[in-house]
Amino acid sequence: MSEAPRLTKFSHGAGCACKLGPAQLAEVMGSLSLPAEPAELLVGSATADDAAVYALPGDPSRALVATVDFFTPIVDDAFDWGRIAAANALSDVYAMGGKPVFGLNLVSWPVDDLPLELLGRVLEGGAKVASEAGIAIAGGHSITDSEPKYGMCVIGFVDRASLKTNAAAPAGARLFLTKPLGLGLISTAIKQGKATDEQIRAAIDTMTTLNAAGSEAMVEARAEAATDVTGFGLLGHLREMAAASGVSAVVDAGGPALLPGALDLARGGVVAGGTRRNHSFLQPVVDWGDLTEPEQLLLADAQTSGGLLIAATDGDRLADALSTRGIPWTEIGVTTDEGPAGHISVRGRVG
């Protein structure tokens, strides 16, 4: 029996690290003349939030949540890649405090280079996670391409009273993170053949864990703001939250949990291009304190299907809600009204 091809060899990047960098995206978006947004569009593109939110006609209590996400292979196992991509797409709805109801598959496939049976395994992985989330897959779209890509458009609903955005974090809110960092570093190590079995399994387990329970916890605890940590890294997404909310932030570098060996990979230069783009973009808005460059890169590491970053003034209530559901969490800092909006000061050391 022939050995299955290494999917990561067909990818120019690793998962969300293949996204346009924040500076590149800002340049493109800044050049556009977008149509006017209707009043029913409660959350649009202005604050770089995780999903669009649209008011439902005749139902003042609920709104529709819509998002889309796809990327190139991040692991070599087709089934696991499908699971990761689906969990990552669903996360945007959870980050808004919503519940997904159905998804549409998005597929690009090199039909002359990779067997269709392998694509079937990718889609089976996506379907497995969709089933865990309790949603239907209602169809999709596919094209041929020289590089494989997979993801989903996800539609959900949210109670408007429970809606969480990245633009409502007040000064004095405590910051919580629900997954460890290092996913981009380990994904790059997988692509380079340098990841250990322990690192691969830890990364896959992390990326395939749904953020559903974390979303329920933050809604129950009445947290003020949230986002999920993906391609722009922890500090990149925190910068977006702080800028949109009109606050700054102080981060404890030793607060986030780390995946095994992540800091050693950063020290060894096993770093995704997307992470380096994030790091460069953050230079004007981050005071890194005493961090070495590898430590800085870890806080800027491009995550895929990362955890929820939650801002809550009642941090004890949020901690209890997360712990009750068995969700690992770390407290990583606080928002403040000292300094320019979007500025981040880092204290302490990583690890």
Cluster question for you: counting only ILVMFWY and a side-chain heavy-atom cut-off of under 4.5 Å, with indirect links fine, are [X] and [Y] together?
X	Y	value
Met96	Ile135	yes
Leu258	Phe176	no
Phe157	Leu104	yes
Leu175	Ile344	yes

Legend entry - Stepwise side chain to side chain contact (heavy atoms under 4.5 Å, CB included) test for Ile137 and Phe102: CA-CA 6 Å; Ile137 296 179; Phe102 72 88; over 6 Å; no

Are [X] and [Y] close enough that some pair of their side-chain heavy atoms sits under 4.5 Å apart?
X	Y	answer
Leu181	Gln303	yes
Ile74	Met207	yes
Asp287	Val346	no
Pro256	Leu234	yes
Ile84	Phe71	yes
Ile310	Leu318	yes
Arg160	Leu42	yes
Thr313	Pro170	yes

Return the [atom1] to [atom2] distance between [X] and [Y], rounded to the nearest 0.5 Å.
X	Y	atom1	atom2	answer
Arg222	Ser162	CZ	OG	7.5 Å
Thr178	Leu309	OG1	CG	9.0 Å
His237	Leu308	NE2	CG	11.5 Å
Thr8	Asp76	OG1	CG	3.5 Å
Glu331	Asp316	CD	CG	8.5 Å
His141	Cys153	NE2	SG	12.5 Å

Does any N or O in the side chain of [X] come within less than 3.5 Å of the main-chain N or O of [Y], such that one atom is a donor and the other an acceptor?
X	Y	answer
Thr275	Leu297	no
Thr188	Gly184	yes
Asp49	Ala51	no
Ser280	Arg276	no
Ser131	Ala127	no
Arg325	Ala321	yes
Asp69	Asn88	no

Inset, instruction - Test Asp197 against Arg201 for salt bridge (charged side-chain N to carboxylate O under 4.0 Å, His left out), laying out the working first. - result: CA-CA 6 Å; Asp197 289 344; Arg201 180 44 51 196; over 6 Å; no

Inset, instruction - Could you tell me whether Glu37 atom CD has more than 12 heavy atoms of other residues or ligands within 6.0 Å of it? - result: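 Enclosed.
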
Inset, instruction - For salt bridge (charged side-chain N to carboxylate O under 4.0 Å, His left out), just list the numbers for Glu132 and Lys128, CA-CA rounded to whole Å, side-chain angles, deciding distance to a tenth of an Å, and then say yes or no. - result: CA-CA 6 Å; Glu132 292 173 7; Lys128 176 70 164 56; 2.7 Å; yes

Inset, instruction - Could you tell me which residues satisfy salt bridge (charged side-chain N to carboxylate O under 4.0 Å, His left out) with Arg349, sequence neighbours excluded, listed by chain and number? - result: Glu295

Legend entry - CA sep, side-chain torsions, deciding dist, call: His279, Trp288, side chain to side chain contact (heavy atoms under 4.5 Å, CB included): CA-CA 11 Å; His279 183 242; Trp288 295 102; 3.7 Å; yes

Legend entry - Step-by-step side chain to side chain donor-acceptor pair (under 3.5 Å) determination, Asp92 to Thr67: CA-CA 7 Å; Asp92 287 337; Thr67 186; 2.8 Å; yes

Inset, instruction - Dump the intermediate steps for salt bridge (charged side-chain N to carboxylate O under 4.0 Å, His left out) on Asp80 and Arg83, then the final yes or no. - result: CA-CA 5 Å; Asp80 284 337; Arg83 294 166 65 213; 2.7 Å; yes

Residues [X] and [Y] bridged, charged N to O under 4.0 Å:
X	Y	result
Asp252	Arg347	no
Arg121	Glu117	no
Arg267	Asp264	yes

Legend entry - Lys149/Trp109 under side chain to side chain contact (heavy atoms under 4.5 Å, CB included): CA gap, chis, key distance, verdict: CA-CA 7 Å; Lys149 303 175 184 73; Trp109 199 255; over 6 Å; no

Inset, instruction - Mind running side chain to side chain contact (heavy atoms under 4.5 Å, CB included) on Trp81 and Leu7 for me, showing each step along the way? - result: CA-CA 9 Å; Trp81 174 33; Leu7 285 172; 4.0 Å; yes

Inset, instruction - Could you go through the side chain to side chain donor-acceptor pair (under 3.5 Å) check for Asn105 and Tyr150 one step at a time? - result: CA-CA 7 Å; Asn105 282 327; Tyr150 173 63; 2.8 Å; yes

Inset, instruction - Please step through side chain to side chain donor-acceptor pair (under 3.5 Å) for the pair Asp59 and Ser61, ending with a clear verdict. - result: CA-CA 6 Å; Asp59 188 349; Ser61 66; 2.7 Å; yes

Legend entry - Steps toward side chain to side chain donor-acceptor pair (under 3.5 Å) verdict (Glu147, Ser108): CA-CA 7 Å; Glu147 185 177 49; Ser108 298; over 6 Å; no

